[in-house]
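Proteins come first, then strands; the chains are lettered A, B, ... in the order of their sequence lines, and each starts at number 1. What you see is a predicted model, and the numbers here were worked out from it, not measured in a lab.
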Protein chains: 2
Amino acid sequence: MPAEPSRPTLAAVAARAGVSQSTASLAFSGAGPVAEETRDRVLAAARELDYGGPDPRARSLRTGRSGIIAVVMEDRILDAFRDPMAVAMLDGIADEIGQAGYSLLLLTDSDDRPVGGLRDAPMDAALLLGCSTDLEPSVRVLSQRQVPLIGVEAAPREGMHRVDLDNRSGMRRGAEYLRELGHERVGVVMLPIDRARSRGALTPERLAASEAETARERLAGARDVFPDAPAEVGGGSLIDEGHRATAALLDAHPELTAIIAQSDLLGLGAIQAAEERGLVVPEDLSVLAFDGARIDGLSIHRLTTLVQPIVEKGRAAARMALAALAGEPVSDASFESELRIGTTTAPPRTS
Amino acid sequence: MPAEPSRPTLAAVAARAGVSQSTASLAFSGAGPVAEETRDRVLAAARELDYGGPDPRARSLRTGRSGIIAVVMEDRILDAFRDPMAVAMLDGIADEIGQAGYSLLLLTDSDDRPVGGLRDAPMDAALLLGCSTDLEPSVRVLSQRQVPLIGVEAAPREGMHRVDLDNRSGMRRGAEYLRELGHERVGVVMLPIDRARSRGALTPERLAASEAETARERLAGARDVFPDAPAEVGGGSLIDEGHRATAALLDAHPELTAIIAQSDLLGLGAIQAAEERGLVVPEDLSVLAFDGARIDGLSIHRLTTLVQPIVEKGRAAARMALAALAGEPVSDASFESELRIGTTTAPPRTS
DNA sequence: CGCAGGTATCGAATCGATTCGAGCGGCGGG
DNA sequence: CCCGCCGCTCGAATCGATTCGATACCTGCG
């Protein structure tokens, strides 16, 4: 091995400054009383040695804190970031976390490497975004490691704090609004309900086998009002998927006068599909969605949708993690959506 | 303090299994020879004590590796993820990094806390995405820490490996194509050129003060062909920004027959702005963009654009980091864009 | 039967900081 | 003038693993 430049250590700095290691440490961390003159000497020595501050690894071993909060998603990163809701929530999380001096570690629960980063990455807390039960093995590792766990719209689990949304009652409220407008034949365009993200008409069997809390709850809300509503499952929360699913739904059920989409993107796809077959929204087909996403560049329609406080949800999750880390008691949070009436719903044509 | 459950340590497991700590370590890591029977005993003891595997903090102190690769962006997370290019590149990075068993730490170079996570987060390497020179202080900390640095379209810096794109010659090729079609009056819609993301007409002073490599290079390419092309700066790579900037440009220069947008999103905004004022694309106004982004839900126009291998860029950056970590020699990478002719360019109307 | 060679295990040093209690002057009050 | 307190500095233990060299045992061969 050639010359060893090897990063200088705090001990080296202390030696050069002629103080003990403990004093040098105090000079850097600012904790504890240090004479100004001493601190200057230490900092000068550090500069001379090109010392860049204490090694985070050593520090984190000693203090038990790494300054990292992990966010675990089940999707591929690409898919997750295509979803404006995930991004918005992440933004809330990042903001809150950053403010508190933590950094954000992005983990996916990929099938390939079952507990890849989850097991080996240093983290002080973990936020699980919309995770299904089959994340169980990974999550177990974390609770063994006594990492505080916060689940956002995740299946309940012992020892996990939760952030929830009124998916069912919110969607029910939306459905009731459609019924009040006079709709009776309504179809539902669903978010994926399994990890394979398989498309197609929803059958009772598929529903029973599903692990996706959010999709199930939103469907339940819709069916509270329209018990027989047919549903088509999309392969993701994407405009194109909403387009495809709606087309399939309208092919199979031409009598539908309204579509309930489980997300705004699906709803936008529904509008595209409708227009493509010559239907005018909302006169020929009403579209109700969910999320209240702010989507760049789509200004023509204002979706009627259930607005959820997504950024706040992210913030809340982050704050719960921070509270848990601070040793404060943590109580679950639950949020409510609000029906925002746009230009995509109207009474059905009186035929 | 109440009862201390305190996570069991490897030493405890070793003791319970009746082996030495070293043996227990080997049993877990798989390195070194361990009799099968012994390993089973260790794993059993671990199970009984509910031991979740070695502490990443301690491991990383000892091994000098944390298994984390950081990605540094200058935007807020929200802004960065609104940009499909950033997301796509991140996807390439995440994929490559994950494959190698590393996790991804997301850092932003926020003004508030100058070296926030950058200084304190454990990381084995850092990827800087499109960062300007004023990232200097943060970056210096990292090179002090001897963390391998990879810059993507970043200003050159000593000790930093680079991934580059032919922004200038690519855009020049696009501009030449416009000229061949017969265009002479062309305007440029630009990406932000300063951290404040201030909008408005581009002046020579603002250009001189700018730090944004990518925007400058792409402009230079356009002006290689149309030296006097007026330019308007957008407040981000967003459809709405392209819309606004194009409107401003057309107000000030009604004679323009083509718009060169520095990103696809800006290009889409340009189309919107054109259509809004009754111009037909491409007959009345041609639009040339840059990126070749795959954008969900926009199927009407096929942008004429310079396609860049964005995912590959991400992969390359990640691979360079991994190579550096493996002690292999690293050589800079540079990529080329390709002009893809769509339906948004045509000869100008012969007036 | 003795020894070389190999394998499984062990001891102990080490990674680089933080932190707690003790020590040591200097200053103010009695 | 002496004592006690306060403010600064120092030593040494500690965090929880990895890893290198040494040890003990066993096998097979001469």
For residues 19-28 of chain B, which side-chain N or O atoms pair as donor and acceptor with protein atoms under 3.5 Å away, sequence neighbours left out?
unit_1: B/S20; atom_1: OG; unit_2: B/S22; atom_2: N; d: 3.4
unit_1: B/S20; atom_1: OG; unit_2: B/S22; atom_2: OG; d: 3.1
unit_1: B/S20; atom_1: OG; unit_2: B/T23; atom_2: N; d: 3.3
unit_1: B/S20; atom_1: OG; unit_2: B/T23; atom_2: OG1; d: 3.2

When rounded to the nearest 0.5 angstrom, what is the spacing between CD1 in B/I69 and CD1 in B/I93? 9.5 Å
Quantify the bending of the helix from C/dC1-D/dG30 to C/dG30-D/dC1 as the angle between its end axes, each fitted on five pairs, to 10°. 50°
Indicate for each nucleotide in nucleotides 15-20 of chain D, in 5' to 3' sequence, whether protein heavy atoms under 4.0 Å reach the base (B), only the sugar-phosphate (S), or nothing (-). BBBBB-
Keeping the roles fixed (side chain from B/R162, backbone from B/E153), state whether a donor-acceptor pair exists under 3.5 Å. no
Backbone of A/E211 reached by a side-chain donor or acceptor of A/R195 within 3.5 Å: no
Donor-acceptor pair, distance only, cut-off 3.5 Å: does the side chain of A/R65 make one with the backbone of A/L325? yes
Measure from the side-chain N and O atoms of A/D164 to the backbone N and O of A/S334, and report whether any donor-acceptor pair falls under 3.5 Å. no
With side chain to side chain contact (heavy atoms under 4.5 Å, CB included) as the criterion, how do B/L129 and B/V71 come out once you've worked through the C-alpha distance, each side chain's angles and the decisive distance to 0.1 Å? CA-CA 7 Å; B/L129 304 194; B/V71 169; 3.7 Å; yes
